[in-house]
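Since the structure comes first, as structure tokens, the remarks are kept for the end.
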Amino acid sequence: MAKAIDVINRALRLIGVAQSGEPLEADVAADALSVFNSLLAEWYGNIAIPEYNAALITTNLTVDDGDKEALAYQLAIRLAPEYNQVLSQEFYLVANESMTRLRNRYFVQGNVDFTELPVPSSESWNFDA
């Protein structure tokens with residue numbers, strides 16, 4: 001089981017801010033955790049991810065290695081501008097592929113009910129504008 005720190009470390013390594021095996025500075029870890037929680041909260045409303053709050057950097061996440069990779073790449077994209085890092089086209093390609101796998105894994109197909117929305121009358125459409 002992955003911890004929030006595992007995803008954060010991976011993301012920071014991906015953008016060249018952290019080195020493998022080196023401990024993170026407390027302020028860097030705290031900033032990354034804040035961005036990570038924002039990312040997860042945003043996704044929770046759009047993707048049926050099982051975990052959306054890493055309250056602590058040591059929080060266990062209910063994700064597997066594939067999910068962890070997608071999370072790390074998306075977090076890296078969010079963090080890169082803060083560290084003036086420019087990401088390559090290949091980086092975005094891998095990030096997109098891992099995100100597509102994550103979306104497909106957790107996508108829940110449902111029915112959309114539009115019955116509560118008002119139905120526009122033909123007079124409300126102005127095609128001459």
Side-chain angles (χ1 to χ4, degrees):
M1 182 173 292
K3 295 185 181 301
I5 189 65
D6 299 330
V7 174
I8 290 167
N9 272 326
R10 175 75 171 131
L12 291 170
R13 283 194 315 271
L14 286 168
I15 62 172
V17 172
Q19 299 299 317
S20 184
E22 295 291 320
L24 293 177
E25 295 179 19
D27 60 335
V28 171
D31 289 346
L33 179 62
S34 176
V35 173
F36 186 45
N37 275 320
S38 295
L39 176 69
L40 293 176
E42 179 183 314
W43 284 5
Y44 185 72
N46 298 308
I47 303 172
I49 59 172
E51 179 83 37
Y52 75 97
N53 187 2
L56 303 170
I57 203 152
T58 56
T59 298
N60 286 321
L61 303 173
T62 55
V63 298
D64 65 16
D65 286 340
D67 296 347
K68 180 179 146 187
E69 195 70 357
L71 290 169
Y73 269 87
Q74 295 305 311
L75 180 58
I77 289 170
R78 296 279 176 104
L79 292 172
E82 293 185 31
Y83 294 98
N84 296 317
Q85 299 296 316
V86 177
L87 303 174
S88 69
Q89 186 174 10
E90 291 81 14
F91 183 95
Y92 284 106
L93 183 65
V94 173
N96 187 47
E97 289 172 357
S98 65
M99 189 62 191
T100 298
R101 284 191 298 274
L102 184 81
R103 281 188 184 114
N104 289 338
R105 181 173 177 182
Y106 293 110
F107 175 73
V108 177
Q109 188 171 4
N111 295 322
V112 179
D113 182 9
F114 294 108
T115 58
E116 294 183 17
L117 295 177
V119 178
S121 67
S122 59
E123 291 84 34
S124 66
W125 294 80
N126 184 359
F127 295 105
D128 297 327

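The CD atom of Gln19 lies 11.0 Å from the CG atom of Asn9; values are rounded to the nearest 0.5 Å. Glu82 contributes atom CD, which lies 8.5 Å from atom CD1 of Ile15 (distance to the nearest 0.5 angstrom).
Residues passing the salt bridge (charged side-chain N to carboxylate O under 4.0 Å, His left out) test with Arg78 are Glu42, sequence neighbours excluded. Residues passing the side chain to side chain donor-acceptor pair (under 3.5 Å) test with Gln74, sequence neighbours excluded: none.
A ring-ring contact (aromatic ring centres under 6.0 Å, His included) check over residues 5-35, counting only residues at least two apart or in different chains, returns nothing. The ring-ring contact (aromatic ring centres under 6.0 Å, His included) pairs that include a residue from residues 57-84 are Tyr73-Phe91, where partners are two or more places apart or lie in different chains. Applying the salt bridge (Lys or Arg N to Asp or Glu O under 4.0 Å) test to every pair with at least one member in residues 2-13, sequence neighbours left out, gives these pairs: Arg10-Glu69.
Minimum heavy-atom separation, Ala72 to Ala11: O-CB, 3.3 Å.
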Can I get a per-line list of side-chain donor-acceptor pairs under 3.5 Å for residues 21-33, giving both atom names and the distance, sequence neighbours left out?
none

What do the steps show when you test Leu71 against Leu40 for side-chain contact (heavy atoms from CB on, under 4.5 Å), and what is the final call?
CA-CA 9 Å; Leu71 290 169; Leu40 293 176; 3.6 Å; yes
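The side-chain contact (heavy atoms from CB on, under 4.5 Å) test with Ile8 singles out one residue from Val35, Leu75, Leu79, and that residue is Leu75.
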